[in-house]
Amino acid sequence: MAIDDTYHNQNQSPVLPQVNIFTMFRLGLFQMGLSMMSILTLGVLNRVMIQEIAIPATLVAFVLALPLFVSPTRILFGQMSDARPLWGYHRTSYVWLGAGIFAIAAFCAVQVIWQLNSANIGESWLWTSQTMAWTAVLGLVFVVYGLAICASGTAFAALLVDISETDNRSQVVGIVWSMLMVGIIVGAIISSSLLNQLTANAPIETLQAAINRLFQIVPGMVFCLAIVATLGVEKKYSRFFHRSTPENREDSITLGGAWKILTASPQTGLFFTFLLVMTISLFMQDPILEPYAGEVFKMPLAESTKLNVFYGTGILISYGITGFLIVPRLGKRKTIKLGCVLVACAALLLGFSGFSANPLVLKSTLVLFGLATGVVTTAAVSLMLDLTIAEAAGTFIGAWGLAQSISRGIAIVIGGTILDVGRKLLPDNLVLAYGLVFALEALGMLVSIAFLNRVNVAEFQTNTKQALASVLESDLD
């Protein structure tokens, strides 16, 4: 049998039902759970370690960034979900196993933090053999947490590729990703309600009991959401699941073969670079937004912490509108370009809003920034799923996830660094100092359009399918 015939036969997809809106919302429960976990680790634990336990902020930042540093494993986990099904499933089992591990790891991290607090016998932080040992254990727990997030999240995104088609992909992305913002709101409400009995100077025993309870309830809820979100979806809707029978599944595609397919097209590198530049520019304001509100707009801490509500509201509205109305009319590439321009304009407006020193202006501008972010994010994720072949979906999703994770970490570093540079260059004008960050953010969004213009989906599909056929042919020899 010729290799073209082999490839064609392996890609015969059965006629499956199209994923419905109810299932899209159900899948969104997984994304909702991930954002709830993010609230716990980056919100609650961040404050507990820095303020209540007085662990150095640099150490806390490094530990909390470890899950991002292990993001290269997304490619490995993606390839594993392509080639090595667990318990008969390529995606669902990895989603569930990863969700169970990161839920347990989150609770374990809290217990290690209490041990770290007990090991520090001084009034201020002291490096001793015990604190160093428990710090190492805490770092290890967060590495495990990050690996589990990579495994679960990559398999889930690959599942979205498996169950969607080009014509409904933007709707799937719009609904599923909108649940991220719902999760942030729900996570904040649950955390606030479970911790509302704590006073400003609550004893460590009371704090420990409340935090332990929180980290028992929420991770358990998130694990249940992961199961409910994906139960039965792969078997009913996934083309890859039904094509991957014992006789023709892609177990023969090794990690080396997957890497060959991944790097076969220059388009992969171009889109990877586009994702890096776009995501860095999109999140550069993250580390400086609340200080901006406090120093320039004189907003109290309690008020500045609610700014994400305005930003998130804009995103939530935009996800649905973009997925169902804008992308079907303009197409993915034009929508991304529109979103990049809108984000650039909104970033500049954020900078100019400082001259008003009016908190209402800042909040209104953040809604606009959220709307623009939703436009570019929905279209970019939809295009990302198009730049993925079903036979190696996990591998490609791993690569795109790697780009996004690395770029968010870089964005945080750049945003803080540019602010420090601005303060030194413009010590008497805080608005302009912060404005440098927003201006660079706007410039980066426009630069990302230049990389997008060079991305060619048709060329990508041709190159990667040829590489896939070559890998399969070498395995048949």
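The side-chain heavy atoms of I149 and R74, taken from C-beta on, include a pair separated by under 4.5 Å. Contact of the L27 side chain with the I163 side chain is registered, since non-hydrogen atoms from C-beta on lie closer than 4.5 Å. Side-chain contact between I113 and N117 is absent, with no heavy-atom pair separated by less than 4.5 Å. No side-chain heavy atom of P219 sits less than 4.5 Å from a side-chain heavy atom of F102. In this structure, the side chains of I414 and L440 come closer than 4.5 Å at one or more pairs of heavy atoms.
We find the CD1-CZ distance between I315 and F310 to be 14.0 Å, quoted to the nearest 0.5 Å. Note that the CD atom of Q130 and the OG1 atom of T135 stand 11.0 Å from one another [nearest 0.5 Å]. Summarising the geometry, atom SG belonging to C108 is positioned 11.5 Å from atom CD1 belonging to I101; distances are rounded to the nearest 0.5 Å. One finds the CD atom of Q208 at 7.0 Å from the OG atom of S118 (value rounded to the nearest 0.5 Å). One finds the CG atom of L350 at 6.5 Å from the CG atom of L362 (value rounded to the nearest 0.5 Å). The CD1 atom of I104 sits 8.0 Å away from atom CZ of F223, with the distance rounded to the nearest 0.5 Å.
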(message) Evaluate T335 against L383 for side-chain contact (heavy atoms from CB on, under 4.5 Å), listing each step before the verdict.
(response) CA-CA 10 Å; T335 304; L383 183 62; over 6 Å; no
(message) Checking R84 against Y94 for the side-chain contact (heavy atoms from CB on, under 4.5 Å) test, could you report, in this order, the C-alpha distance in whole Å, the side-chain angles of both residues, the deciding distance, and whether it holds?
(response) CA-CA 10 Å; R84 296 179 177 84; Y94 286 91; 3.9 Å; yes
(message) What verdict does the side-chain contact (heavy atoms from CB on, under 4.5 Å) test give for E441 and F283, after you've listed the backbone C-alpha separation in whole Å, the side-chain angles of each residue and the deciding distance to 0.1 Å?
(response) CA-CA 8 Å; E441 190 170 37; F283 292 101; 6.0 Å; no
(message) Please determine whether side-chain contact (heavy atoms from CB on, under 4.5 Å) holds for the pair I336 and C340, giving the CA-CA distance in whole Å, both sets of side-chain angles, and the decisive distance to 0.1 Å.
(response) CA-CA 6 Å; I336 293 174; C340 288; 4.1 Å; yes
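If you check the side chains of T131 and T128, you find a donor sitting under 3.5 Å from an acceptor.
Taking the six-membered ring wherever Trp is involved, the centroid distance between the rings of F274 and F271 falls below 6.0 Å.
With sequence neighbours excluded, no residue satisfies ring-ring contact (aromatic ring centres under 6.0 Å, His included) with F215. With sequence neighbours left out, T92 forms a side chain to side chain donor-acceptor pair (under 3.5 Å) with E234.
The main-chain N or O of A151 is never found under 3.5 Å from a side-chain atom of T154 such that the two would form a donor-acceptor pair. Under the 3.5 Å distance criterion, the side-chain polar atoms of S35 are matched with a main-chain donor or acceptor of M32. A donor-acceptor contact shorter than 3.5 Å links the side chain of S152 to the backbone of V95. The backbone N or O of L231 lies less than 3.5 Å from a partner atom in the side chain of R26, making a donor-acceptor pair. Between the side chain of S448 and the main chain of M278, no donor-acceptor pair closer than 3.5 Å is present.
Evaluation of the ring-ring contact (aromatic ring centres under 6.0 Å, His included) test over residues 137-164, restricted to residues two or more places apart or in two chains, returns F30-F156. Applying the side-chain hydrogen bond (donor to acceptor under 3.5 Å, both in side chains) rule to pairs touching residues 96-114 yields W96-T230, Q111-N212, W114-N212, sequence neighbours excluded. Residues in residues 364-380 take part in no side-chain hydrogen bond (donor to acceptor under 3.5 Å, both in side chains) pair, two or more places apart or across chains.
Using cut-offs of 30° and 60° for the angle between ring planes, the F369 and Y311 rings count as tilted.
Annotation for V277 and G444: closest pair CG1-O, 3.5 Å, computed over non-hydrogen atoms. Here the shortest heavy-atom pairing between L419 and V437 reads N-CG2, 3.9 Å. Taking both residues in full, the closest heavy atoms of M179 and G28 are given as CB-O, 3.1 Å, listed atom of the first, atom of the second, then distance. When every heavy atom of C150 is checked against every heavy atom of S71, the shortest pair comes out as SG-CA, 3.8 Å. M24 and V176 get closest at one heavy-atom pair: O-CG2, 3.6 Å. Contact record, S81 with R91: OG-NH1, 2.7 Å, taken as the closest heavy-atom pair.
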Throw together a table of side-chain donor-acceptor distances under 3.5 angstrom for residues 321-329, partners on residues two or more places apart or in other chains.
from	atom 1	to	atom 2	distance (Å)
T322	OG1	S318	O	2.7
T322	OG1	S318	OG	3.3
R329	NH1	L325	O	3.1

